[in-house]
Structures are given as structure tokens and as C-alpha cells.
S.K.: 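Structure incoming, see below.
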Amino acid sequence: MPSDSGHQAATASQEDEEILAAVRSLQAGAGSEAFAPIARRLLRPLTTFFANRPALKEQADDLAQDTLLRVYTKIDQYRFEAAFSTWVRQIAENVWKNAVRDLQAAKRGAPAEALDSAEDETGSLKVADPAPTPEARALAAERTRVLRSALDRLPEGMRLCTELRLVSDLKYREISEVTGIGLDTVRSQLFEARKRLKPVLEQYFQDMDF
């Protein structure tokens, strides 16, 4: 008789295969009804993800729905090279960062410039360029890859503060407000991140200031 943990693992494996099967069906041209098992699986964890983010937790349901819509519309971009959950998590983080930018821009009384990026399973952010040359695209892709790799090696709290500073261009006090992290802690996290990232990134981001 299988143990409870073995049964749970088997159930999780079956659920994962159901999700991947739904992804394959959608990529093959299935209708929106094929997205139902993905939505059922993702809705609760996505809502929890946003509810645990200070400043925007009241918008958790709407942000979860926005993320599901982005997952659905970008499903062809998933290439099965990394966990589906990792790809979805990157989309959710971008939805959250855009919402934070909108919130802070509204407080400043200025329009927000959205984080216009496509997500792939490596976690890359493909920043829009109005007329990129092949060389510019290659350099931007390399800069993004290096930045993402460096950020992913930071502890979670430090990574969050650094992304909000570098990617969302928030001020220290704004980072404190949206994360619930004390201002002094934000300063110390960014100071430590700067020490860790400078040797890795200065070749690619000579004008980096955070």
C-alpha cells in the first residue's frame, strides 16, 4: 500500500502532466476551453502571491486574473525548457511590477511607462526597442541575460528590493512602502546588492545607479 507522501507525489505528477497536456493542446490550436485546467490550477496560488505583496494586496484578485490572461495570450512562448511554474512566476512578477509602477506614478502625478517585456522560460525580460539593429538586439539580450542571472543569485528580499530599484525605478521610500520592508533595511539590502553585483555587471551596465 503506498504511503500518503507517495500518493501525494503521484497526484502532483498527474496534475503537472494535465497542465502540460493543456499547454500542448493550446499551442496546437485548441479553443479557450483547454485553458480551464490551467486556470483552475493557477488561480489560488496566484491570488496568494499577490495578496502577500503589501500595498497591492487589495487588488490580488484582479492581478491574478490579469496574470491568467497574460499566460493564456503568451502560451505559445512557452518552450518546455524550464518548469511551467517558473515561467508563470516570471509573468506574475512582471504584472506586479507594472502595478507597482502605476501606483507610484499615480502618487507622483506622472504617467507610468509600463514594463513592456516578453517572458520566456529562462526568465528573460525582452525590453522593447523602437528600431533595434541586430547588434543592438544581441547586446540587449546579453545584458538582460546577465542581469537576470545576477539577480537570481541574490537572496529573495535583496533581489526584490534590487529589481524594484533597477527595473521599476522606485525610490528607496517607495520600495519600503510597497514591500513593507523598513527603510533602513531597504538601504542595507541595496548597499549589499551593489557590492555583490558591481563586479559582475559593471562591464554591461557602466551607468547603473542604485
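Note that these values count all heavy atoms, side chains included, but never hydrogens, waters or copies made by symmetry.
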S.K.: When you measure from the side chain of T47 to the backbone of L43, do you find a donor-acceptor pair of N or O atoms at a distance under 3.5 Å?
M.R.: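 Flag set: sc T47 to bb L43 pair under 3.5 Å.
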S.K.: Specify whether Y78 and W87 have parallel, tilted or perpendicular ring planes, treating 30° as the upper limit for parallel and 60° as the lower limit for perpendicular.
M.R.: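 It falls in the tilted class, 30° to 60°.
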S.K.: Using a strict cut-off of less than 4.0 Å between a Lys/Arg side-chain nitrogen and an Asp/Glu carboxylate oxygen, indicate whether E177 and R173 qualify as a salt bridge.
M.R.: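 No salt bridge links E177 with R173.
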S.K.: Provide the closest heavy-atom pair for I181 versus C161 in the form atom of the first, atom of the second, distance.
M.R.: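 Scanning both residues completely, I find the closest heavy atoms to be CD1-SG, 3.8 Å.
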S.K.: For R159 and E93, run salt bridge (charged side-chain N to carboxylate O under 4.0 Å, His left out): C-alpha distance rounded to whole Å, both residues' side-chain angles, the deciding distance at 0.1 Å, then the answer.
M.R.: CA-CA 12 Å; R159 177 179 62 80; E93 288 186 351; 3.6 Å; yes
S.K.: What verdict does the side chain to side chain contact (heavy atoms under 4.5 Å, CB included) test give for R196 and M158, after you've listed the backbone C-alpha separation in whole Å, the side-chain angles of each residue and the deciding distance to 0.1 Å?
M.R.: CA-CA 11 Å; R196 296 189 186 196; M158 188 181 299; 4.2 Å; yes
S.K.: Would you indicate whether the side-chain heavy atoms of L46 and V88 approach each other to under 4.5 Å?
M.R.: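 Side-chain contact under 4.5 Å: yes.
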S.K.: L190 versus I175: any side-chain heavy-atom pair under 4.5 Å?
M.R.: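 Contact flag for L190/I175 side chains = yes.
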S.K.: If the threshold is 4.0 Å, N to carboxylate O, is there a salt bridge linking R187 and E192?
M.R.: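 Salt bridge flag = no for E192 with R187.
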S.K.: Nearest heavy-atom pair of P37 and A22: which atoms, and what distance?
M.R.: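 Reported closest heavy-atom pair: CG-CB, 3.9 Å.
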S.K.: Please answer: with hydrophobic residues joined when any side-chain heavy atoms are less than 4.5 Å apart, are V95 and L69 in the same cluster?
M.R.: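 Cluster IDs for V95 and L69 differ.
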S.K.: So which heavy atom on A34 is nearest to which on L26, and how close?
M.R.: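 In this case the closest contact between A34 and L26 is CB-CD2, 3.8 Å.
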S.K.: Any side-chain heavy-atom pair from L20 and R24 closer than 4.5 angstrom?
M.R.: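 Yes, side chains in contact.
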S.K.: Could you give all pairs that pass the ring-ring contact (aromatic ring centres under 6.0 Å, His included) test and reach residues 25-50, with sequence neighbours left out?
M.R.: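 Residue pairs passing ring-ring contact (aromatic ring centres under 6.0 Å, His included), neighbours aside: F35-Y72.
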S.K.: Test side chain to side chain contact (heavy atoms under 4.5 Å, CB included) on F80 and Q27 and set out the steps.
M.R.: CA-CA 12 Å; F80 300 90; Q27 291 183 344; 3.3 Å; yes
S.K.: So how far is it from D66 CG to Q59 CD, rounded to the nearest 0.5 Å?
M.R.: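 That separation rounds to 9.0 Å.
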S.K.: Find the distance between OG1 (T73) and CG (L68) and round it off to the nearest 0.5 Å.
M.R.: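 These two atoms lie 10.5 Å from each other.
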S.K.: If you apply the rule side chain to side chain contact (heavy atoms under 4.5 Å, CB included), what do you find for T162 with Q189, and how did you get there?
M.R.: CA-CA 8 Å; T162 305; Q189 292 276 38; over 6 Å; no
S.K.: Mind checking salt bridge (charged side-chain N to carboxylate O under 4.0 Å, His left out) for R153 and listing every partner two or more places apart, or none if nothing turns up?
M.R.: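 For R153 there are no salt bridge (charged side-chain N to carboxylate O under 4.0 Å, His left out) partners, ignoring immediate neighbours.
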S.K.: If only atom types and distance count, is the side chain of S25 paired as donor or acceptor with the main-chain N or O of A30 below 3.5 Å?
M.R.: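 No, the answer is negative, given that no donor and acceptor are paired below the 3.5 Å cut-off.
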S.K.: Answer whether the closest heavy-atom distance between the side chains of V186 and F191 falls below 4.5 Å.
M.R.: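 Side-chain contact under 4.5 Å: no.
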S.K.: Show your reasoning for whether side chain to side chain contact (heavy atoms under 4.5 Å, CB included) applies to L160 and L154.
M.R.: CA-CA 9 Å; L160 178 59; L154 297 177; over 6 Å; no
S.K.: May I ask you to test the W96-L164 pair for a side-chain heavy-atom distance under 4.5 Å?
M.R.: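 When only atoms from C-beta onward are counted, L164 and W96 do touch, with a gap below 4.5 Å.
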S.K.: Rounded to the nearest 0.5 Å, how far does OG of S85 lie from CG of L42?
M.R.: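 With rounding to 0.5 Å, CG (L42) is 9.0 Å from OG (S85).
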S.K.: Measuring only between side-chain heavy atoms, which start at C-beta, is R165 closer than 4.5 Å to L170?
M.R.: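 Counting from C-beta outward, R165 and L170 never come under 4.5 Å.
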S.K.: Do Q65 and R70 make a side-chain contact, defined as non-hydrogen atoms from C-beta onward lying under 4.5 Å apart?
M.R.: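 Q65 does not reach R70 side chain to side chain.
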S.K.: So do N94 and T67 actually touch side chain to side chain, heavy atoms under 4.5 Å?
M.R.: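 No, side chains not in contact.
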S.K.: Do NZ/NE/NH1/NH2 and the carboxylate oxygens of K97 and D102 come within less than 4.0 Å?
M.R.: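 Salt bridge between K97 and D102, a charged N being under 4.0 Å from a carboxylate O: no.
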